[in-house]
Amino acid sequence: MKNREIADIFDRMADLMEILGDDHFRINSYRKMARALSDLAEPVENLARDGKLQDLPGIGKSAAEKIQQYLSAGRIDKYEELLAKVPPKLPELLGVPGLGPKTTAKLWKQAGITSVEELRKAIETGDGRLINVEGLGPTKIRNIWQSLNFLTSIGGRIRLGEADALAGPMLAHLAQAKGVQQALAAGSLRRGKETIGDIDILCQAPQSAAEAIIKHFTDSPGVQKVLAGGKTRGSVVLAGAVQADLRVVPAECFGAALSYFTGSKEHNVRLREIAITKGLKFNEYGLFKGDERVAGRNEREIYAALGMQYVPPELRENRGEIEAARSGKLPDLLEAADIRGDMHIHTTASDGLNSIEEMIQACQDRGYQYMAICEHSKSQVQAGGLDEKRLAEHVQAIRKAAKKFPKMLVLAGVEVDIFKDGHLDFMADVLAELDFVVASCHSALAMPADEATARLVKAIETPHVRCIGHPTGRMINSRPGFEIDIDKVASAAAANNVALEVNAHWMRLDLRDIHVRAAVNRGAKIIISTDSHSIDDLDNMKYGVLTARRGWATPADVINSWPKKKLQAWLKEK
DNA sequence: GCCGTTTTCGGCCCGACTGTTTTCAGTCG
């Protein structure tokens, strides 16, 4: 699957065109193409084969030809032409905060700088080259210098759970400032995206209090560096080199600002375009007819005034939610409160930190009606995987412990390993004794897409298997995991009445959002599980719910939102 | 380069903050 690869090339072409000063509308359309390709769950090769490339939003004749050329010849002429016009390492300058295409072009043409390393040397040695660059004074040079040092210390986007942990204390700190009526996380954190670039916080307060609140924010304990502080917004760097931005707005604009700063950018652009067709103007202060504000206090009245359903933040990615909302066809998404159980929990019997009873109690404390304890199987030696004998003893221990919790349905399960060729770590007669079987891959996690797909399909077709755990095996920001043909996997899952896991741990979130959507579209069922190895891990469920919502999942799609009786009936179906 | 419920041509989102060319360009979100 070459989706990501081709998307990157379109993004790089856009970068090059920006430096060369090309028409910015054209550049924007290249960005849209890159986005369409990276949002695509199925292999772009399939669309190309079926002549359906132009069905993708923003992909026209010319882009389709470029994609076809890449797939058949491994190159895109236009990209090669652009590369020939610009020094190879110049585009990396665009990644330096504060450096955009205009300044990058000037550094190149007026100072002969062609890479980040050369820029660093030019500043370090003070060789005088930068003096010739117009628009570049001492302050800007100092800021660029700091950005260069900042760059070497950060690893890019942080994971959802990490951002959430940073935002929580900051929100609590802000709530103590005088005049604050409410403070919420906006941006990709509110949308529940798997990684977060920076933390956006929106605060409702009277205008008169704004400046003091921003000061309160920039003076916060965790702040390492203040990047900006004005009358309506402030910007800081937190521990771990994470940027956090704050905006303070009065109540009459809060909804407009929340919508604006929640994004996504692509969703917002569409909203503004719709506003224009209705003779309105939409900005972060409200929805305006001339000078009159027709909406802005909350998001719902804005969507209503634009003639569409309220769009939940998780769907705001311009992946079809605008059209659905305009025709009243948005799904009734799963809610966190719908979750009735956790179906993938470890205990001290394998590599968990808490006992059976502690985990049952913790699930009961969270209001669950059912749960499944699923330890590793014998080949997971490093994780204390259970062999047949220990597994049988463990089942007895679970049954015994469960008697102390009559209200909780405790399933004795297993997380059985799927080997490289798709066969399992336990024989069918062992699996038959269990209430619930999750099958997962823990080894050979780098294999070609067709082999990985076949491996999962074989496991799905195996008797007694009811769920595939963390189907791609990816670890966000550290391991890509399998590329799979999600349509094939989901179709097999639907046909065999096997669920696909959304692993709720913020390091996994696997299935990921676009896979959930493809799976649901194919009629596959989802189980959102925390794969908990401790009591605290149980609280990761919220990240799995966010991911499922981003995949347009409804309660009907998510088995562990079903009532206990319906779950028990489903368990008997295979 | 894409796109069409005022369209196949003429559009294509909006404002804050910063530093510098002291009236605005560049960058960012």
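Lettering of chains follows the sequences in order, A, B, ..., and the numbering in each one begins at 1. Because only heavy atoms are used, hydrogens play no part in the values below, and waters and symmetry mates are left out as well, while side chains stay in. Just so it is clear, the model here is predicted, and its values are computed rather than measured.
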Quiz item: Any luck finding a side-chain donor-acceptor pair between A:E317 and A:H267 under 3.5 Å?
Solution: no
Quiz item: With a 4.0 Å cut-off on heavy atoms, is A:I27 in touch with a base, just the backbone sugar-phosphate, or nothing at all?
Solution: nothing
Quiz item: Looking at A:Y285, does any N or O in its side chain come under 4.0 Å of the phosphate oxygens OP1/OP2 on B:dA16?
Solution: yes
Quiz item: Does A:K61 have a side-chain nitrogen or oxygen under 4.0 Å from the phosphate oxygens OP1 or OP2 of B:dC3?
Solution: no
Quiz item: Any luck finding a side-chain donor-acceptor pair between A:D513 and A:T547 under 3.5 Å?
Solution: no
Quiz item: B:dT18 and B:dC12: how far apart are their P atoms, nearest whole angstrom?
Solution: 29 Å
Quiz item: Do any pairs count as a salt bridge (Lys or Arg N to Asp or Glu O under 4.0 Å) and have a residue in residues 216-235 of chain A, sequence neighbours left out, and if so which ones?
Solution: A:K215-A:D219
Practice problem: Specify the residue among A:N143 and A:E273 whose closest nucleotide of DNA chain B lies further upstream toward the 5′ end. | Solution: A:E273
Quiz item: Would you say the side-chain atoms of A:T262 and A:R190 include a donor-acceptor pair closer than 3.5 Å?
Solution: yes
Self-check item: Distance in angstrom units between A:K281 NZ and B:dC12 P, rounded
Solution: 14 Å
Self-check item: Nearest-angstrom distance, C1' atom, B:dT23 to B:dC17
Solution: 16 Å
Quiz item: Say you pick atom P in B:dT5 and the same atom in B:dG1; how far apart are they, in whole Å?
Solution: 23 Å
Quiz item: With the sugar-phosphate defined as primed atoms, P, OP1 and OP2, and the base as all remaining atoms, what B/S/- string results for nucleotides 21-29 of chain B, 5' to 3', for protein heavy atoms under 4.0 Å?
Solution: B----SSSB
Quiz item: B:dC17 P sits how many Å from A:K231 NZ, rounded?
Solution: 9 Å
Practice problem: Can you tell me, in whole Å, how much space there is between the P of B:dT8 and that of B:dC3? | Solution: 16 Å
Exercise. Would you mind pulling out the nucleotide paired to B:dG26, Watson-Crick or G-U wobble, both distances under 3.5 Å?
Key: B:dC17
Self-check item: Below 4.0 Å: OP1/OP2 of B:dC17 and any side-chain N or O of A:T232
Solution: yes
Quiz prompt | Euclidean distance for C1', B:dG11 against B:dA16 (whole angstrom) | solution = 26 Å
Self-check item: Rounded distance in Å between the P positions of B:dT21 and B:dT27
Solution: 15 Å
Exercise. Measure up the A:Y310 and A:Y303 rings against each other and bin them: parallel (under 30°), tilted (30 to 60°), perpendicular (over 60°).
Key: perpendicular
Quiz item: Would A:Y70 and A:E5 count as having a side-chain donor-acceptor pair, cut-off 3.5 Å?
Solution: yes
Exercise. Answer with yes or no after comparing the ring centroid distance for A:H505 and A:H470 against a 6.0 Å cut-off, counting only values under it.
Key: no
Quiz prompt | Separation between the P atoms of B:dG26 and B:dT20, rounded to whole Å | solution = 14 Å
Self-check item: First of A:A228 and A:F25 reached from the 5' end of DNA chain B, by closest nucleotide
Solution: A:F25
Quiz item: Are A:D11 and A:Y30 close enough that a side-chain donor and a side-chain acceptor fall under 3.5 Å?
Solution: no
Quiz item: Within the structure shown, what part of the strands sits under 4.0 Å from A:G234 by heavy-atom distance: base, sugar-phosphate, or nothing?
Solution: nothing
Quiz item: So, is A:N283 near the phosphate of B:dG15, with a side-chain N or O under 4.0 Å from OP1 or OP2?
Solution: yes
Quiz prompt | Selected nucleotide, minimal atom distance to A:A63 side chain, candidates B:dT20, B:dC2, B:dC14 | solution = B:dC2
